[in-house]
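Step one of this worksheet: look at the structure below.
What you are looking at is a predicted structure, and each value in this text was computed from that prediction instead of being measured. Values below: all heavy atoms of this structure, side chains included; hydrogens, waters and symmetry mates excluded.
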Amino acid sequence: DLQFWVHAYGSNMGDLYVYIDSATTSNHSNATELAAYESFSGFTSNSSVWQQKTISLNSYRNITNQNHYIYFVTQNATGFRGDLAIDGIQFVES
């Protein structure tokens with residue numbers, strides 16, 4: 001599993017997408033989307049707490065001789081009041 005903490009705060013929040021790909025340079029149009037966190041349930045302009053997210057990587061578990069890269073992409077913010085932070089990224093056995 002991929003686990004990480006996310007903190008979002010502000011009235012102009014966008015969305016967070018997590019992608020995986022075997023290419024060292026990739027983008028949302030050719031990478032595989034692992035998760036989409038849209039509208040950040042639980043985050044408001046008056047409330048902010050760190051939330052832990054977990055994404056299963058089981059379908060990538062037995063692939064050998066190929067590196068994979070994780071991409072965190074935030075987009076669709078509507079202004080400068082949309083702060084987002086990601087921390088504590090780790091891979092854990094499930």
Quick one, [X] and [Y] - any side-chain contact, counting heavy atoms below 4.5 Å?
{"X": "V73", "Y": "D15", "answer": "no"}
{"X": "D87", "Y": "W50", "answer": "yes"}
{"X": "K53", "Y": "Q3", "answer": "no"}
{"X": "I55", "Y": "V18", "answer": "yes"}
{"X": "Q51", "Y": "W5", "answer": "no"}
{"X": "D21", "Y": "Y71", "answer": "yes"}
{"X": "L34", "Y": "Y60", "answer": "yes"}

Same cluster or not: [X] versus [Y], using hydrophobic residues (I, L, V, M, F, W, Y) connected whenever any side-chain heavy atoms lie under 4.5 Å apart?
{"X": "I20", "Y": "V6", "answer": "yes"}
{"X": "Y69", "Y": "F91", "answer": "no"}
{"X": "L57", "Y": "I89", "answer": "yes"}

Interatomic distance, S22 atom OG to H68 atom NE2 [nearest 0.5 angstrom]: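 These two atoms lie 5.5 Å from each other.
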Residues forming a ring-ring contact (aromatic ring centres under 6.0 Å, His included) with F72, sequence neighbours excluded: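 ring-ring contact (aromatic ring centres under 6.0 Å, His included) list for F72, sorted by chain: F4.
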From CA spacing to verdict: side-chain contact (heavy atoms from CB on, under 4.5 Å), L2, I70: CA-CA 9 Å; L2 169 66; I70 304 289; 3.9 Å; yes
Worked check of side-chain contact (heavy atoms from CB on, under 4.5 Å) between I86 and L16: CA-CA 10 Å; I86 298 170; L16 174 65; 3.9 Å; yes
